[in-house]
2 protein chains.
Amino acid sequence: MARTAGSHSDITGPRIRDAALSLFARHGFAAVSMRQIAGAVGVQAGALYNYTPDKQSLLFDLMQRHMDHLLQAWDDEPTPATPLARLEHFTRFHIRYHLDKPDEVFIAYMELRNLSPENFAAIETLRRRYEDHLEGILSQGVRAGAFQLADARITTMAVIAMLTGVNTWYRPGGRLSADEVATIYWDMVRRSVGA
Amino acid sequence: MARTAGSHSDITGPRIRDAALSLFARHGFAAVSMRQIAGAVGVQAGALYNYTPDKQSLLFDLMQRHMDHLLQAWDDEPTPATPLARLEHFTRFHIRYHLDKPDEVFIAYMELRNLSPENFAAIETLRRRYEDHLEGILSQGVRAGAFQLADARITTMAVIAMLTGVNTWYRPGGRLSADEVATIYWDMVRRSVGA
DNA sequence: ACCCTATCTGAACACATGTTCAGATAGAAG
DNA sequence: CTTCTATCTGAACATGTGTTCAGATAGGGT
């Protein structure tokens, strides 16, 4: 073992992100040292600086990749015809995607305060863009008479909080499958928007 | 100023907790040093150890006080007659209480991973006790035929996540008052449990 | 007026932190 | 086989960390 030098840029880069992701998720950004990340990759701490200018940029990179990937994944989804079908599609997509990437989701919600103001603003913009997809579905549904709700923006925040909350308790191999959970949540979402 | 010694145990203690609470909420437990907390109180770092055996116990103390106070506050609330009225009461209580203590709530949700296993288990027990109050209301309502829902436990988690989510976006002085927000959320909760 | 003791200071301890960089090294290119 | 350069090591830097403790100090009790 102990590959000590050579060209591994395209291998070490992802491995650093993977290690940082899992360590940040488990212990928190501030509680994880660059030496711990390096140790998980099997490299010295100095080597990390071939891949990130500093620790904060590493965190930002992880968050930005997550948000970009999430937005891209949603863009790649089909668009059902009716507001009701669109809302169901969003609900199931959100739960499936978030259960698939618990570490990314955890970090993106918990480590915002460790971002510099500019980096924070950038992530918030992406998050807002994602929320707006749901708000758009709700607004369309209200105009079409399919939904009855007091405030599209507040309903958006409430629904997303409810759906993302699945990550706090769901564990694979538990009493219910991810699909069964999604069906139960869809039932609640559907009723809460007055459909 | 610069009181340098003397008997201030009953004044310094709360001031340390207040400073720690606000600093932990703003920057995170791991990112805040004992010297920062001491500085906010106007005291040297060593003096903190007259009030806590170590940093971790300080965090645990804050969390435990929060959960104890929350459970006590709910116990002090009246118990309406019907399941529907009880659920509305819980919804409004939860939002009001959580909007009143944003720092405590934030820490209790975000800093769990910085607790030792025993301390974590203790807080989780208290949290579960609080959740069980809501689950009890839902189960009673189902038995009484007032609610229609697939799974009382999952509905409990969904409702609590939705309600607690208010803290992520609500700011005093915004578009809506806390009472108006609570009314909108109560509408969603009521419909999502099939009442 | 005096002492007593709870409270706080200030310095020290051993170790961890993020980051830098000269020099070693290994794989690719010729 | 030689050269080149991207990649990594290992040590160093300045600063910060939680925690301890002998000694100073101030307010309360007598």
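To find a chain, count down the sequence lines: A is the first, B the second, and so on, and within it residues start at 1. The basis for the numbers below is simple: all heavy atoms, side chains too, and nothing from hydrogens, waters or symmetry mates.
Looking at residues two or more places apart in sequence or on another chain, you find a salt bridge (charged side-chain N to carboxylate O under 4.0 Å, His left out) between Arg175(A) and Asp151(B). Every residue was checked against the side chain to side chain donor-acceptor pair (under 3.5 Å) condition with Arg143(B), not counting sequence neighbours, and none meets it.
As a whole-Å value, the separation of Arg15(A) CZ from dC8(D) P is 10 Å. Atom-to-atom, CG of Leu48(A) to P of dT19(C) comes out at 10 Å; the value is rounded to the nearest Å. Atom P of nucleotide dT9(D) and atom CD of Gln44(A) are separated by 5 Å, given to the nearest angstrom. Whole-Å rounding puts the Ile11(B) CD1 to dA6(C) P distance at 18 Å. One can place CG of Asn50(B) at 12 Å from P of dT20(D), the figure rounded to the nearest angstrom.
Sorted by first and then second residue, the pairs that involve residues 105-125 of chain B and meet salt bridge (charged side-chain N to carboxylate O under 4.0 Å, His left out), not counting sequence neighbours, are Glu111(A)-Arg113(B), Arg113(A)-Glu111(B), Glu124(B)-Arg127(B). Residue pairs meeting the salt bridge (charged side-chain N to carboxylate O under 4.0 Å, His left out) criterion with at least one partner in residues 89-109 of chain B, sequence neighbours excluded, are Glu88(B)-Arg92(B).
Looking at which nucleotide of DNA chain C each of Gln56(A) and Ala47(B) is closest to, the 5′-most match is held by Ala47(B).
With hydrogens and angles ignored, the 3.5 Å screen pairs no side-chain donor or acceptor of Arg190(A) with any backbone N or O of Ala195(A).
The side chain of Asp54(A) has dT19(C) as its nearest neighbour among dT9(C), dT19(C), dT19(D). The side chain of Tyr49(B) has dG18(D) as its nearest neighbour among dG18(D), dT9(C), dC8(C).
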A correct 5'-to-3' footprint of nucleotides 12-17 of chain C, with B, S and - meaning base, sugar-phosphate only and no protein heavy atom under 4.0 Å, is B----B
Atom pairs and distances, side-chain donor-acceptor, residues 28-43 of chain B, under 3.5 Å, sequence neighbours left out:
residue, atom, partner, partner atom, Å
Ser33(B), OG, Arg35(B), N, 3.4
Ser33(B), OG, Gln36(B), N, 3.1

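Under 4.0 angstrom from either OP1 or OP2 of dC8(C) there lies at least one side-chain N or O belonging to Thr12(B).
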